[in-house]
Protein chains: 2
Amino acid sequence: MSNLELKVLDQDEAAVACCSPMVREPLGEEAAVDLAKMFKALSDPVRLRLLSLIASHEGGEACVCDLTGPFDVSQPTISHHLKVLREAGLVGSERRGTWVYYWVLPAALAKLSALLQAPAAAGGSR
Amino acid sequence: MSNLELKVLDQDEAAVACCSPMVREPLGEEAAVDLAKMFKALSDPVRLRLLSLIASHEGGEACVCDLTGPFDVSQPTISHHLKVLREAGLVGSERRGTWVYYWVLPAALAKLSALLQAPAAAGGSR
DNA sequence: CGCCTGTATCGACAGTTGTCGAAACAAGAA
DNA sequence: TTCTTGTTTCGACAACTGTCGATACAGGCG
């Protein structure tokens, strides 16, 4: 299959295209429920730091063993937060031998970022 | 004072500049706590729809009486959600005569949007 | 095989959240 | 003033969340 890379690009562009800034038109009820789940996954300091740790890690991915150190919470709690991020569609994960690796799914972040874009800031109005 | 407009621009640009994408470097502990509060305010479907209703309303602001109709929840509940959005710094409000008006603070949305920007989607890596 | 290390799940518990009805407050009208 | 309408606050309650220790699972190594 040579369309693997294209598929990734399509995914990203679709994510951006599907969600115009929420300041343009009212959000639908279903869309709001869906997006709220993603934002809820981002609504905890530990999860935010986990996400940025994973994303900024060398190679774009990190194993759980790299992620438990920087936090004051227990290892089961880290595992729980990673599960929340995964079920929200913000990260992917895979077991490779002894370790489990996590990486960020850029399309999901791009989707939320586009949604929050505020044209008023660029236009200079108000 | 003729620097009123400049002040607004400064505010917006500072918000964008202060928060480079979280995928670039790990988030600090304090910054994560701060940002998590904003995302928590966005983590409810009713609040997301309220925010988009306010932002997309004519003139960029809406009175509470415009906001209670589209929802199935009681009016005190709407008032509660508006309070959450206000305390998170996402909207401003003002009483004008009988009615109370709410508007979106673009700098706050821009800050979160910039934080979530995912360079991997543009670079095409992974 | 048994042991060790890395990770996930379980069960429990305190704290928080979304929701409601009732009541209070704000401001204009009669 | 009293009445009416728009909005917020209060008190209560069920549901959810973050955290922990204990335990279970997965896989490599002796």
Side-chain angles (χ1 to χ4, degrees), chain A residues 27 29-30 32-51 53-54 57 59 61-103, chain B residues 27 29-30 32-51 53-54 57 59 61-103:
Chain A
L27 228 48
E29 208 164 335
E30 294 178 27
V33 170
D34 228 52
L35 291 163
K37 290 177 186 171
M38 292 193 180
F39 283 121
K40 179 162 286 182
L42 295 175
S43 71
D44 182 275
V46 173
R47 287 198 291 268
L48 274 181
R49 290 176 61 205
L50 275 174
L51 197 66
L53 268 178
I54 294 170
H57 200 266
E61 59 181 20
C63 97
V64 179
C65 60
D66 296 321
L67 300 173
T68 49
F71 296 93
D72 288 336
V73 300
S74 69
Q75 181 271 326
T77 299
I78 296 292
S79 189
H80 162 70
H81 285 308
L82 288 171
K83 184 180 183 180
V84 172
L85 287 172
R86 181 159 32 85
E87 291 182 340
L90 295 173
V91 304
S93 71
E94 182 188 19
R95 172 161 224 132
R96 289 206 284 274
T98 304
W99 298 279
V100 178
Y101 290 85
Y102 283 78
W103 57 87
Chain B
L27 229 46
E29 208 163 335
E30 295 177 26
V33 170
D34 227 52
L35 291 163
K37 290 177 186 171
M38 292 194 180
F39 283 122
K40 179 161 287 181
L42 295 175
S43 72
D44 182 276
V46 174
R47 287 198 292 268
L48 274 181
R49 290 175 63 204
L50 275 174
L51 197 66
L53 267 179
I54 293 169
H57 200 266
E61 60 181 19
C63 97
V64 179
C65 60
D66 296 322
L67 301 173
T68 50
F71 296 92
D72 287 337
V73 299
S74 70
Q75 187 273 329
T77 298
I78 295 292
S79 189
H80 162 70
H81 285 308
L82 288 171
K83 184 180 183 181
V84 172
L85 288 172
R86 180 159 32 85
E87 291 182 342
L90 295 173
V91 303
S93 71
E94 183 188 18
R95 170 162 226 130
R96 288 205 283 274
T98 305
W99 298 279
V100 177
Y101 290 85
Y102 283 78
W103 58 87

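Computed from a prediction, not measured in an experiment: that's the story for all the values here. Reminder, nothing fancy here: chain letters follow the sequence lines and each chain counts from 1.
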For this session: To the nearest Å, give me how far apart CZ (R96(B)) and P (dA26(C)) are.
Result: 19 Å
Exercise. Side-chain contact, heavy-atom cut-off 4.5 Å: V64(A) with Y101(A)?
Worked result: no
For this session: Go through H80(B) and Q75(B) one step at a time and tell me if the side-chain contact (heavy atoms from CB on, under 4.5 Å) criterion holds.
Result: CA-CA 9 Å; H80(B) 162 70; Q75(B) 187 273 329; over 6 Å; no
Seminar exercise, completed: Closest to the 5' end of DNA chain D, once D72(A) and K83(B) are matched to their nearest nucleotides, is K83(B)
Exercise. Could you state the CG-P distance from L50(A) to dT7(C), rounded to the nearest angstrom?
Worked result: 13 Å
For this session: Looking only at side-chain atoms of D44(B), point me to the closest of dT7(D), dG18(C), dG6(C).
Result: dG18(C)
Exercise. Taking only N and O in the side chain of T98(A), is any of them less than 4.0 Å away from OP1 or OP2 of dG6(C)?
Worked result: no
For this session: For P76(B) and for V73(A), locate the closest nucleotide of DNA chain D by heavy-atom distance; then report the residue assigned to the nucleotide nearer the 5' terminus.
Result: P76(B)
Exercise. On DNA chain C, nearest-nucleotide positions of T68(A) versus K40(A): which is more 5'?
Worked result: T68(A)
Problem set entry | H80(A) vs dC20(D): side-chain N/O to OP1/OP2 distance below 4.0 Å | no
Seminar exercise, completed: With L50(B) as partner, the option from L90(B), D44(B), L67(B) fulfilling side chain to side chain contact (heavy atoms under 4.5 Å, CB included) is L67(B)
For this session: To the nearest Å, give me how far apart NE2 (H81(B)) and P (dC20(C)) are.
Result: 8 Å
Exercise. Do the side-chain N or O atoms of R95(B) get closer than 4.0 angstrom to the phosphate oxygens (OP1, OP2) of dC25(C)?
Worked result: no
Problem set entry | Distance, rounded to the nearest Å, where Y101(A) contributes OH and dA8(C) contributes P | 13 Å
Exercise. Would you say dT8(D) has OP1 or OP2 under 4.0 Å from some side-chain N or O of Y102(B)?
Worked result: yes
Problem set entry | Protein-nucleotide distance (F71(B), atom CZ; dC20(C), atom P), rounded to Å | 12 Å
For this session: Round to the nearest Å and state the distance from L85(B) atom CG to dT8(D) atom P.
Result: 12 Å
Exercise. Rounded to whole angstroms, how far apart are CZ on R86(A) and P on dA8(C)?
Worked result: 7 Å
Exercise. About how many Å separate CZ of R49(B) and CD1 of I78(B), when rounded to the nearest 0.5 Å?
Worked result: 8.5 Å
Exercise. For R47(A), which contact category applies under a 4.0 Å heavy-atom criterion: base, sugar-phosphate, or nothing?
Worked result: sugar-phosphate
For this session: Would you indicate, yes or no, if dG18(D) has its OP1 or OP2 atom less than 4.0 angstrom from a side-chain nitrogen or oxygen of T77(A)?
Result: no
Problem set entry | Reported OG-to-NZ distance for the pair S93(B) and K83(B), which is rounded to 0.5 angstrom | 11.5 Å
For this session: Could you tell me the separation between the CH2 atom of W99(A) and the P atom of dG28(D), rounded to a whole number of Å?
Result: 9 Å
Exercise. S74(A) side chain N/O closer than 4.0 Å to the phosphate oxygens (OP1, OP2) of dT19(D)?
Worked result: no
